[in-house]
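Worksheet: the structure to be examined is printed underneath.
Quick note on labels: first sequence line is chain A, next is B, and so on, each numbered from 1. These numbers come from the heavy atoms of this one structure, side chains and all, not from hydrogens, waters or symmetry mates.
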2 protein chains.
Amino acid sequence: MTAQSRPEPADTAGLQLDAYLPYRLSVASNAVSRLIARAYEDRFGLTIPQWRLICVLAEDGPINQSALVSRTGMDKVTVSRAAQGLAKRHLLERSQNDLDGRSHVVALSPEGVRLYAEIAPLALAYEAALIAGLDPSEVALLKRLLMRLQGAAGVLAGERGEGA
Amino acid sequence: MTAQSRPEPADTAGLQLDAYLPYRLSVASNAVSRLIARAYEDRFGLTIPQWRLICVLAEDGPINQSALVSRTGMDKVTVSRAAQGLAKRHLLERSQNDLDGRSHVVALSPEGVRLYAEIAPLALAYEAALIAGLDPSEVALLKRLLMRLQGAAGVLAGERGEGA
DNA sequence: GGTAGATAGTTGCAACTGATACTATCTCGC
DNA sequence: GCGAGATAGTATCAGTTGCAACTATCTACC
């Protein structure tokens, strides 16, 4: 009806922002991230990167920062700053690596372990609330698809690393 | 085996970062957003917010900025800046709204329409590449779940707006 | 064993984002 | 038609992020 004033070329017929996957993904992620970030910030004074480091350290035990980088997929600068922040609050301890003077081994302090034990249930509760009413198989599929998208994006971005 | 050195409280047993939905969501979204943002920036000098405005304007026709805000879910500051940037490049035109001196009506310029026609196929191609190999029903479910998560996050964040 | 290049981590810088405050205009009630 | 509160949009500021450059250390080869 109003098509006269804005002729859409045939090529764009399939494009609707609301149905555009990168858009949907970004909007959903922002909404969830904002929710979670606010919860951690308000109650524990933690940023998302800090919380991720705590998780990985609690799961994997003491490792160095570059391992944290590859484990979390975050930038090394982000990891560095998050670790500094946590160290300042004595939630983690950094020790020199005798085998490699460049790297520091990072580990949760007892206080950090305690904080983790305190936050983890909250984190799980948020996840549970987000997926309430969804079928577990749907959630599993969702996670699988998300990993797949991440992989595809990495490949399309010209990610190097394996093979060549 | 190494459980001795880091006793995990029972409450945290279910928490693994890799399987934590907010984490998966954020990582996937960041990967995809970075890919798309770089593509638009490199080839067209557009930011993601600018591109979203173009999409909505192409789909919906001339509207004012607050409509753009509710349509895209972006902050009004973000919309304002994106619109200014596009106006500076003459990709959109802002006209006074005679009915309301506060609001400006924003519309794509012919040049903006042309740019949209040029970018849209690229955008669709990226989406197609991302979901290559996935079953269409899976993609549909993914989009549905993402919208659902977004809604749940909004509710949990104490979103007001309807009813009370 | 000394030099070239790789790697761990930090610092500096620029861009983006979001909250707050502000101006201008509108609406409503008196 | 005037003042109080709501709304559209902009400007300002602080915090975050990622890239690039840098330092320090390690590895490998001559």
Side-chain angles (χ1 to χ4, degrees), chain A residues 26-27 29-31 33-38 40-42 45-53 62-88 92 94-106 153-154 157-161, chain B residues 26-27 29-38 40-42 45-53 62-88 92-106 157 160-161:
Chain A
S26 172
V27 172
S29 174
N30 285 345
S33 284
R34 194 161 28 238
L35 172 71
I36 303 274
R38 195 155 296 165
Y40 294 165
E41 169 62 33
D42 288 351
L46 290 180
T47 66
I48 293 271
Q50 287 174 342
W51 161 240
R52 287 181 184 169
L53 292 198
I63 49 180
N64 63 16
Q65 288 190 193
S66 40
L68 284 172
V69 167
S70 56
R71 186 74 168 68
T72 63
M74 299 190 294
D75 192 83
K76 64 177 180 173
V77 178
T78 305
V79 169
S80 173
R81 283 191 274 238
Q84 285 175 343
L86 292 174
K88 202 167 292 171
L92 61 75
R94 329 177 79 179
S95 50
Q96 294 294 335
N97 183 350
D98 293 338
L99 298 170
D100 189 334
R102 296 168 300 180
S103 70
H104 308 193
V105 174
V106 174
E159 184 179 85
R160 311 281 182 269
Chain B
S26 171
V27 172
S29 174
N30 285 346
V32 170
S33 284
R34 195 163 26 241
L35 173 71
I36 302 273
R38 194 155 298 166
Y40 294 164
E41 168 62 33
D42 287 351
L46 290 180
T47 65
I48 293 272
Q50 287 175 342
W51 161 239
R52 287 182 183 168
L53 291 198
I63 50 179
N64 62 16
Q65 288 191 192
S66 40
L68 284 172
V69 167
S70 56
R71 188 73 169 66
T72 62
M74 300 190 294
D75 192 83
K76 64 177 181 173
V77 178
T78 305
V79 169
S80 174
R81 282 190 279 237
Q84 284 175 343
L86 292 174
K88 202 167 293 172
L92 61 75
E93 288 150 0
R94 329 176 78 179
S95 48
Q96 294 294 337
N97 183 350
D98 294 337
L99 299 170
D100 188 334
R102 296 167 300 179
S103 71
H104 307 193
V105 175
V106 173
R160 311 279 182 272

5'-most contact on DNA chain C: A:Ser103 or A:Val77, nearest heavy atom basis?
-> A:Ser103
Within a strict 4.5 Å, meaning less than it, do heavy atoms of the B:Val105 and B:Glu93 side chains meet?
-> no
Return no unless some side-chain N or O of A:Gln65 is found under 4.0 Å from OP1 or OP2 of C:dT10.
-> yes
Atom-to-atom span, CD of A:Glu41 to P of D:dT16 - whole angstrom = 8 Å
Distance, rounded to the nearest Å, where A:Asn64 contributes CG and D:dC26 contributes C1' | 14 Å
For the residue pair B:Arg52 and A:Ser26, confirm or rule out a side-chain donor-acceptor distance under 3.5 Å.
-> yes
Check whether any side-chain nitrogen or oxygen of A:Arg34 sits under 4.0 Å from OP1 or OP2 of C:dG18, and answer yes or no.
-> yes
Nearest-nucleotide comparison on DNA chain D, the residue closer to the 5′ end among B:Ser66 and A:Thr78 = B:Ser66
Rounded distance in Å - NZ (B:Lys76) to P (C:dT17) = 17 Å
Interatomic distance where CG belongs to A:Asp75 and C1' belongs to C:dC13 [whole Å] | 14 Å
Got a second to check how far B:Arg102's CZ is from B:His104's NE2, nearest 0.5 Å?
-> 11.0 Å
Is the distance from OP1 or OP2 of C:dG9 to the nearest side-chain N or O of A:Gln84 less than 4.0 Å?
-> no
B:Leu86 side chain reached by B:Leu46 side chain, heavy atoms, under 4.5 Å | yes
Kindly say if A:Ser80 contacts the phosphate of C:dT10, meaning a side-chain N or O under 4.0 Å from OP1 or OP2.
-> yes
Check whether any side-chain N or O of B:Arg38 sits under 4.0 Å from OP1 or OP2 of D:dC19, and answer yes or no.
-> yes
Confirm from the modelled atom types if A:Arg81 and D:dG18 form a donor-acceptor pair under 3.5 Å, side chain to base only.
-> yes
Mapping A:Ala83 and B:Asp98 onto DNA chain C by nearest heavy atom, which one lands closer to the 5' end?
-> A:Ala83
Could you give the CG-to-P distance, from B:Leu35 to D:dG18, as a whole number of Å?
-> 16 Å
